[in-house]
**Q** 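Can you read through this structure? Questions will come right after.
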Amino acid sequence: MKTALAIPFIALQLLAAAATGPALLVMCTAPAMAETPGLGDLTMFETIASDTLALVDKGDLSAAKKRITDFETAWDKAQSRLYHLDKAEWGVIDDAADKAISSLRASKPNADAAKTNVSGLIAALKHPSRP
């Protein structure tokens with residue numbers, strides 16, 4: 001029933017927009033064009049990855065290794081929910097996470113490699129549809 005009511009409402013908005021000019025048309029339709037990632041809100045994961053990068057930037061690779069473990073734990077815990085929302089996006093992020101985790105768990109972690117890989121993880125979290 002809501003859908004049947006929504007169509008005439010939208011039609012009225014479009015008619016009103018046509019009468020008042022293109023600026024109103026943009027305002028009326030812009031919210032409908034907003035897109036969200038297939039996996040939803042990944043802010044918590046971005047925060048952990050950003051914390052990890054800050055530790056890498058400080059040169060504290062031991063603390064960064066611990067913080068990326070926090071990411072891994074949270075990511076693994078959310079897998080059953082996130083994977084089914086968008087398998088492709090989940091896979092992009094999971095691959096980036098594996099690289100970041102591996103670089104910090106290396107027997108002799110390299111700060112430059114860790115920075116590159118953690119930055120890659122952050123980029124994947126922000127834009128998982130771009131591998």
Side-chain angles (χ1 to χ4, degrees):
M1 188 67 179
K2 288 183 180 181
T3 305
L5 292 174
I7 293 170
F9 180 72
I10 292 170
L12 287 174
Q13 285 183 328
L14 292 173
L15 286 173
T20 58
L24 184 56
L25 179 62
V26 171
M27 287 189 333
C28 289
T29 58
M33 290 189 254
E35 293 182 7
T36 58
L39 297 176
D41 183 10
L42 301 176
T43 305
M44 174 184 73
F45 300 108
E46 288 180 42
T47 299
I48 297 170
S50 294
D51 291 350
T52 303
L53 184 59
L55 291 166
V56 169
D57 286 341
K58 285 183 183 177
D60 192 347
L61 298 182
S62 177
K65 179 180 172 182
K66 290 177 185 173
R67 192 63 175 139
I68 201 69
T69 299
D70 294 338
F71 178 93
E72 181 184 34
T73 301
W75 185 249
D76 288 348
K77 187 175 181 179
Q79 178 181 355
S80 62
R81 178 178 54 84
L82 295 176
Y83 181 77
H84 297 291
L85 292 174
D86 192 316
K87 293 174 180 86
E89 287 188 359
W90 183 89
V92 168
I93 296 169
D94 194 60
D95 289 346
D98 287 344
K99 289 177 186 175
I101 292 164
S102 294
S103 67
L104 286 165
R105 289 188 181 156
S107 58
K108 292 184 180 182
N110 176 290
D112 291 335
K115 182 173 183 163
T116 297
N117 290 317
V118 175
S119 295
L121 172 58
I122 293 167
L125 287 162
K126 290 182 179 187
H127 304 287
S129 59
R130 295 184 212 160

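The first residue of the sequence shown is numbered 1, and numbering continues consecutively from there. FYI, side chains are in, hydrogens and waters are out, and symmetry mates aren't considered; it's all heavy atoms of this structure.
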**Q** Would you check if Leu39 and Phe45 make a side-chain contact, meaning some heavy-atom pair closer than 4.5 Å?
**A**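 No, too far: nothing below the 4.5 Å cut-off.
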**Q** Holding to side chain to side chain donor-acceptor pair (under 3.5 Å), I want the full list of residues that pass it with Asn110, two or more places apart in sequence or in another chain.
**A**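 For Asn110 there are no side chain to side chain donor-acceptor pair (under 3.5 Å) partners, ignoring immediate neighbours.
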**Q** Please name all residues satisfying salt bridge (Lys or Arg N to Asp or Glu O under 4.0 Å) with Asp70, sequence neighbours left out, ordered by chain then number.
**A**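 Once residues adjacent in sequence are excluded, the partners of Asp70 under the salt bridge (Lys or Arg N to Asp or Glu O under 4.0 Å) criterion are Arg67.
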**Q** Looking only at non-hydrogen atoms, find the nearest pair between Pro109 and Leu61 and report the distance.
**A**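 Heavy-atom minimum between the residues: O-CD1, 3.7 Å.
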**Q** Checking Thr47 now: which residues fulfil side-chain contact (heavy atoms from CB on, under 4.5 Å) with it, not counting sequence neighbours?
**A**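 Residues passing side-chain contact (heavy atoms from CB on, under 4.5 Å) with Thr47: Thr43, Asp51.
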**Q** Just to verify, what does Lys115 make a side chain to side chain donor-acceptor pair (under 3.5 Å) with, not counting sequence neighbours?
**A** Asp57
**Q** Less than 3.5 Å apart, which donor and acceptor atoms pair up between the side chains of residues 73-81 and the rest of the protein, not counting sequence neighbours?
**A**
residue	atom	partner	partner atom	Å
Thr73	OG1	Thr69	O	2.9
Trp75	NE1	Asp94	OD1	3.0

**Q** What pairs with Ala100 under side-chain contact (heavy atoms from CB on, under 4.5 Å), at least two apart in sequence or on another chain?
**A** Ile68, Asn117, Val118, Leu121
**Q** Give me the atom names and distance for the closest heavy-atom approach of Gly38 to Leu85.
**A** O-CB, 3.5 Å
**Q** Report the C-alpha distance between Leu42 and Ile93 in whole Å, list the side-chain angles of each, state the deciding distance to 0.1 Å, and finish with yes or no for side chain to side chain contact (heavy atoms under 4.5 Å, CB included).
**A** CA-CA 11 Å; Leu42 301 176; Ile93 296 169; 3.7 Å; yes
**Q** Could I get the full list of salt bridge (Lys or Arg N to Asp or Glu O under 4.0 Å) partners for Glu46, not counting sequence neighbours?
**A** none
**Q** Kindly write out the residues that satisfy side chain to side chain donor-acceptor pair (under 3.5 Å) with Asp60, not counting sequence neighbours, or none if the list is empty.
**A**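 Partners of Asp60 under the side chain to side chain donor-acceptor pair (under 3.5 Å) test: none.
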**Q** Check side-chain contact (heavy atoms from CB on, under 4.5 Å) between Ala114 and all other residues, then give those that pass, not counting sequence neighbours.
**A**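 In terms of side-chain contact (heavy atoms from CB on, under 4.5 Å), with neighbours along the sequence ignored, Ala114 is linked to Val56, Ser103, Leu104.
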**Q** Rounded to the nearest 0.5 Å, what separation is found between the CG atom of Leu82 and the CD atom of Glu89?
**A** 10.5 Å
**Q** Working to the nearest 0.5 Å, report the span between CD1 of Ile48 and CG of Leu53.
**A** 14.0 Å
**Q** Report the residues that fulfil side-chain contact (heavy atoms from CB on, under 4.5 Å) with Lys58, sequence neighbours left out, ordered by chain and then residue number.
**A** none
**Q** Please check if Leu55 and Met44 belong to a single hydrophobic cluster, counting links between Ile, Leu, Val, Met, Phe, Trp and Tyr side chain heavy atoms closer than 4.5 Å.
**A**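 Hydrophobic grouping puts Leu55 apart from Met44.
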